[in-house]
There are 2 protein chains.
Amino acid sequence: MLLSKDEIIKAEVLQEAGKLFRHFGLNKTTMEDIARAVGKGKSTLYYYYKSKEEIFDAVMKHEKDAIFKRIQDAVALQPTATAKMEAYVRVKFNEISKISVLYQAVVREVQNCNEIERNIRKGFDSVETDIVKSILQYGLVTGEFSRLKQSELDLLAFTLVSSQRGVEIAAILGNRLGELEAQIDWYMEVLFNGIKNL
Amino acid sequence: MLLSKDEIIKAEVLQEAGKLFRHFGLNKTTMEDIARAVGKGKSTLYYYYKSKEEIFDAVMKHEKDAIFKRIQDAVALQPTATAKMEAYVRVKFNEISKISVLYQAVVREVQNCNEIERNIRKGFDSVETDIVKSILQYGLVTGEFSRLKQSELDLLAFTLVSSQRGVEIAAILGNRLGELEAQIDWYMEVLFNGIKNL
DNA sequence: ATTTAGAACAAAATGGCTATTTGTTCAAAA
DNA sequence: TTTTGAACAAATAGCCATTTTGTTCTAAAT
């Protein structure tokens, strides 16, 4: 047989736990809930997984693997690096978007946490978006950005600011400020010339 | 006089509160601490600010305004839109980096909160970075990305992934999934061709 | 009239206690 | 090898008393 009995039950636990996490999030899902869903005693779960966290991690890993399998497949179909990159970006955003809706209970748990962060970020976002917008506007007037339309400025500006925020946050919260400077050089290179000119 | 007495004291409160927030963060700084630092009774603070949150917001706004004044100045010096954009990005990352060190107590408070988020993110980051790296590697081999060096792949890949994460997170946590698709189109446009070709 | 602060109040945090729930371990049974 | 009930530990929830903290108010000082 392809899967040992052991692996079948592990997978069943994963599947049922996944359903529960999607409905109720990590905190409100108990080991008893999972055990009941699988139809076993809760101590049995520990025969298959070391802890609740390990189950959650395994569920996430399972989703992640599925997502990145789909991404890899899409990437593999494309002949050039740029085409691969496009496939990667498009499929990935799409997958992430779907999974964030699926696990919205978990998203809520994350959202509820950081009041402080969200307030600070909101303030910065709006000012930065204004600045970027004004720069784009300027380039539109001077003719530097000739293909850009007035109506597109807002979304483009917000997208650029968000992408920068991602780089910042990764550096700050990941304690990688040391690498930030080199990262900015790369960010700039791509921002200006695009990866086609790498 | 330029500043009314009222405004002078408001500014003094701001300054002292800022020091305390930098040292102890938002939660561990009390109104009494601030009042003592200013040399007034704590009830007096309420003559100048509606609440503790308003003080914190004002401190953040003050920092934010200073930062974006410096950014605006740097941007104004540049003649072209692309040069302005470069000035914006460089100065902003630099300022954000500095302020995140200055207010590290607040950063800690934010960090301590989201265990779940950080674990999930870490898993995704590493897989995504691997994929992007392999794509870049491919482009390097085929000669599409001729100027790219082997040793640069890691940091560039991580930077690209982080920038995408920023766009995702803004959409997910900001409940703006509806706009995400259009944002991705913009992200792709810039990623491939750079803003110079906008 | 403006500014201050003490006293008072309300809300939130703290600590100690118990009870409950939940996560984990283990020995024994199936 | 797999399962479970019982037992244990750790976290949570409730409750009260206490303290701290945030906020309001009124009266005094300027």
Side-chain angles (χ1 to χ4, degrees), chain A residues 1-60 105-106 108-109 112-116 119, chain B residues 1-21 23-60 105-106 108-110 112-116 119:
Chain A
M1 46 179 163
L2 261 81
L3 264 57
S4 66
K5 192 178 169 199
D6 188 274
E7 285 165 328
I8 292 173
I9 296 183
K10 280 193 87 162
E12 201 189 335
V13 171
L14 230 57
Q15 187 168 328
E16 295 302 324
K19 282 186 204 164
L20 288 163
F21 289 141
R22 285 193 280 276
H23 269 291
F24 306 112
L26 170 59
N27 299 323
K28 303 236 162 185
T29 299
T30 72
M31 291 296 272
E32 284 227 24
D33 292 337
I34 301 172
R36 199 177 321 119
V38 180
K40 298 197 184 294
K42 73 171 170 173
S43 51
T44 306
L45 296 179
Y46 290 88
Y47 184 74
Y48 298 97
Y49 293 96
K50 210 170 77 237
S51 64
K52 181 182 175 181
E53 195 183 345
E54 194 174 284
I55 296 180
F56 185 75
D57 289 347
V59 169
M60 286 298 129
V106 178
R108 289 272 157 69
E109 286 179 321
N112 287 339
C113 205
N114 273 8
E115 192 82 17
I116 311 175
N119 283 335
Chain B
M1 50 182 161
L2 261 83
L3 264 57
S4 66
K5 193 178 166 200
D6 188 273
E7 283 165 329
I8 292 173
I9 296 183
K10 281 194 85 162
E12 201 190 333
V13 171
L14 230 58
Q15 188 168 329
E16 295 303 324
K19 282 185 205 165
L20 289 163
F21 288 141
H23 269 291
F24 306 112
L26 169 60
N27 298 325
K28 301 238 163 186
T29 300
T30 71
M31 291 297 271
E32 283 227 23
D33 293 336
I34 300 172
R36 199 178 319 117
V38 178
K40 297 195 184 295
K42 73 171 171 172
S43 51
T44 304
L45 295 178
Y46 290 87
Y47 184 74
Y48 298 98
Y49 292 96
K50 210 168 80 237
S51 65
K52 181 182 175 182
E53 194 184 344
E54 194 175 283
I55 296 180
F56 185 75
D57 289 348
V59 168
M60 285 298 129
V106 178
R108 288 273 158 68
E109 287 179 320
V110 170
N112 286 340
C113 204
N114 273 6
E115 191 82 17
I116 311 175
N119 283 336

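Chain letters run A, B, ... following the sequence lines, proteins first and then strands; every chain starts at 1.
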Expressed as a whole number of angstroms, how long is the span from [X]:[atom1] to [N]:[atom2]?
| X | N | atom1 | atom2 | value |
| --- | --- | --- | --- | --- |
| B:Leu45 | D:dT24 | CG | P | 13 Å |
| A:Phe56 | C:dG23 | CZ | P | 13 Å |
| A:Glu32 | D:dA10 | CD | P | 19 Å |
| A:Leu26 | D:dA11 | CG | P | 15 Å |
| A:Lys28 | D:dT12 | NZ | P | 12 Å |
| A:Tyr49 | C:dT24 | OH | P | 14 Å |
| B:Met31 | D:dT20 | CE | P | 18 Å |

- Item | Nearest atoms (heavy-atom pairs only) where A:Leu45 meets A:Ala35 |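 Of all heavy-atom pairs spanning A:Leu45 and A:Ala35, the closest is CD1-N, 3.8 Å.
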I'd like to know if the side chain of B:Lys52 reaches the main chain of B:Thr29, judged simply by a donor and an acceptor atom lying under 3.5 Å from each other, with no hydrogens or angles considered.
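Such a contact is found between B:Lys52 side chain and B:Thr29 backbone.
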- Query: Yes or no on side chain to side chain contact (heavy atoms under 4.5 Å, CB included) for B:Met31 and B:Tyr46, after CA distance, side-chain angles and deciding distance?
  - Reply: CA-CA 10 Å; B:Met31 291 297 271; B:Tyr46 290 87; 3.4 Å; yes
Q. Base, sugar-phosphate, or nothing: which does B:Thr30 touch, judged by heavy atoms less than 4.0 Å apart?
A.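 Sugar-phosphate, no base atom in range.
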query: Relative to the 5' end of DNA chain D, which residue comes earlier, B:Thr29 or A:Lys40, by the nucleotide with the nearest heavy atom?
result: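 First, find each residue's nearest nucleotide; the 5'-ward one identifies A:Lys40.
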Once hydrogens and angles are ignored, does a donor-acceptor distance under 3.5 Å link the base of C:dG23 to the side chain of A:Ser51?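 Donor-acceptor pair under 3.5 Å: no.
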Closest to the A:Ser43 side chain, choosing from C:dT4, C:dG23, C:dT25: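 Nearest to the side-chain atoms of A:Ser43, counting from C-beta on, is C:dT25.
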Exercise for review: Would you indicate which nucleotide in D:dT2, C:dG23, C:dT3 comes nearest to any side-chain atom of B:Asp6?
Suggested key: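 Selected nucleotide (nearest to the side chain): C:dT3.
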Tell me, do B:Phe24 and B:Thr30 make a side-chain contact under 4.5 Å, heavy atoms counted?
->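 Answer no - side chains too far apart.
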